[in-house]
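Report on the following structure.
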Amino acid sequence: MLTSDDLAFFSVLTACKSLAESARKLNVTPPAVTQRLRALEEKVGVRLIDRSGRHLRLTEEGSLVASHSVIVSDAIESLTEALADRKGAVRGHLRVAAPHGFGRIYVAPVVEAFAREHRDATATLQLSDHPTALIVDSYEVVVHIGASAHLDQVVTTLARNNRILCASPEYLTSAAPVTTPADLARHRCLVVRENEEDVTLWRFKGSRQESATVRVNPVMSSNDGAVIRDWALAGQGIMMRSEWAVAKDLADGRLRQVLPNWKLPSADIVAILGSRHGRSARTAAFLTMLRQSLKPPPWRADPAEKPGQ
């Protein structure tokens, strides 16, 4: 009869390309993995993995065991979490995904503080150019900047964040004046291509609620916001960036806001909660710590103050 330990062992094997990789994940030797796999196959009476090639391949019976392993593993994890939640215990594995720049600066320290405070819990932080492209239900918390396309998920706002048009003083001194959004069509523009947004279509709303839309033709683009910031600081052109990424540069005079009387769509910092783990004790504990770290938003010297005002 198969045990939960057998299924957990087989789940690790199915997630790996080789027995050597499995051994590293299980913290045992490759011969030990081979021996245990043989014992498992003898127990069920069929071969589960074809080991004749360079990579592991599941047999038909192996695929059946693998699918049931996921079901049993999820059921055991859900039961363990339900019992822990009844006691208010913070335990289990916290899975968080976040954008590279924001995640490295603002999320990573909170994950570290969470792990230090809750010794019975473990944590993984996955940084990605496009975290919402990941399978949301594989993570308890997906930190996202801007509107979320996951309308079927629970989304909670963590902090307010504006989008700001800015450039270096050197560029603005040497270039033609920018007095209306339409002027941008004649300027050097820099864009970040980090998700599925139409990043060359810039939308504005004026002080009298009038709207303006400009299609820019970027002279330089990158999927890394830090690279775009460096290019803007070097005087290469005008960029649209999140407030959190440029607030210090604006305060120190390295960048200057362009068209301060025209507002861009906001890009609030939100957390998308996976449906399976959205209400676990560890998720709640982490979200509390993350909210506290962002309240008030650390990129705003005065919480009521907005750049350009």
Side-chain angles (χ1 to χ4, degrees), residues 1-16 21-28 32-33 36 40 65-99 102-128 131-132 134-144 148 150 152-159 269-295:
M1 178 178 176
L2 291 175
T3 66
S4 59
D5 285 343
D6 290 331
L7 296 178
F9 165 74
F10 196 69
S11 292
V12 174
L13 262 62
T14 59
C16 299
E21 182 183 347
S22 301
R24 287 193 295 273
K25 287 194 174 183
L26 293 167
N27 198 27
V28 297
V33 173
R36 186 169 180 184
L40 180 59
V65 173
S67 63
H68 281 71
S69 295
V70 173
I71 296 172
V72 173
S73 175
D74 286 349
I76 292 174
E77 184 180 358
S78 295
L79 175 59
T80 302
E81 287 183 357
L83 293 172
D85 288 347
R86 290 201 169 197
K87 297 187 299 181
V90 177
R91 60 189 307 168
H93 191 64
L94 174 73
R95 301 172 181 86
V96 180
F102 189 87
R104 185 169 54 252
I105 297 171
Y106 294 110
V107 181
V110 181
V111 173
E112 190 274 332
F114 172 87
R116 188 180 341 110
E117 183 171 330
H118 302 289
R119 294 295 184 177
D120 290 334
T122 57
T124 294
L125 172 60
Q126 177 74 29
L127 298 180
S128 169
T132 53
L134 303 172
I135 300 174
V136 173
D137 276 348
S138 298
Y139 297 87
E140 274 96 325
V141 180
V142 176
V143 178
H144 177 65
S148 170
H150 291 262
D152 57 335
Q153 301 289 345
V154 176
V155 179
T156 180
T157 300
L158 299 172
I269 314 299
V270 302
I272 305 170
L273 308 184
S275 58
R276 286 179 53 229
H277 308 286
R279 296 184 181 179
S280 71
R282 67 172 175 272
T283 303
F286 175 74
L287 280 175
T288 297
M289 296 178 72
L290 187 57
R291 280 199 183 94
Q292 288 174 347
S293 74
L294 298 174
K295 188 177 181 179

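Just so we're clear, the structure is a prediction, and the values are computed from it rather than from any experiment.
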Exercise for review: Start with the C-alpha gap between Arg36 and Asp5, add the side-chain angles, then the distance that decides, and say whether side chain to side chain contact (heavy atoms under 4.5 Å, CB included) holds.
Suggested key: CA-CA 11 Å; Arg36 186 169 180 184; Asp5 285 343; 3.8 Å; yes
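- Residues Leu290 and Phe114 fail the side-chain proximity criterion, which asks for heavy atoms closer than 4.5 Å.
- No hydrogens or angles considered: nothing links the side chains of Thr14 and Ser11 as a donor-acceptor pair under 3.5 Å.
- For the side chain to side chain contact (heavy atoms under 4.5 Å, CB included) with Leu158, the qualifying choice from Val270, Ile269, Val141 is Ile269, the only one to do so.
- Minimum interatomic distance between Lys25 and Ala15 (heavy atoms only, all atoms of both residues): NZ-O, 4.3 Å.
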**Study point:** From CA spacing to verdict: side chain to side chain contact (heavy atoms under 4.5 Å, CB included), Leu26, Val33
**Key:** CA-CA 9 Å; Leu26 293 167; Val33 173; 4.2 Å; yes
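- Interatomic distance, Leu287 CG to Gln292 CD, rounded to the nearest 0.5 Å: 11.0 Å.
- Looking only at side-chain heavy atoms (C-beta outward), Thr124 and Leu94 stay at 4.5 Å or farther from each other.
- At least one side-chain heavy atom of Gln126 sits less than 4.5 Å from a side-chain heavy atom of Tyr139.
- Among residues two or more places apart in sequence or in another chain, the salt bridge (Lys or Arg N to Asp or Glu O under 4.0 Å) test is passed with Arg119 by none.
- If you take CG on Leu13 and OG on Ser69, they are separated by 10.0 Å, rounding to the nearest 0.5 Å.
- Asp6 is not listed as a side-chain neighbour of Val65, based on a closest heavy-atom distance of 4.5 Å or more.
- Side-chain contact annotation: Thr156 with Arg291, donor-acceptor N/O pair under 3.5 Å present.
- With contacts defined as side-chain heavy-atom distances shorter than 4.5 Å, the pair Val107/Leu125 qualifies.
- For the atom pair Glu117 CD and Glu112 CD, the distance stands at 11.0 Å (nearest 0.5 Å).
- Using a 4.5 Å heavy-atom cutoff, the side chains of Val110 and Val96 are not in contact.
- Counting all heavy atoms, side chain and backbone alike, Val111 lies closest to Ala123 at CG1-CB, 3.8 Å.
- Counting only heavy atoms from C-beta outward, the side chains of Glu140 and His93 never approach each other to under 4.5 Å.
- Ser22 and Cys16 make their closest contact through OG-CB, 3.3 Å (heavy atoms, listed as atom of the first residue, atom of the second, distance).
- To the nearest 0.5 angstrom, Leu294 atom CG is 11.5 Å from Thr157 atom OG1.
- At a threshold of 4.5 Å between non-hydrogen side-chain atoms, the residues Val143 and Tyr106 do not count as touching.
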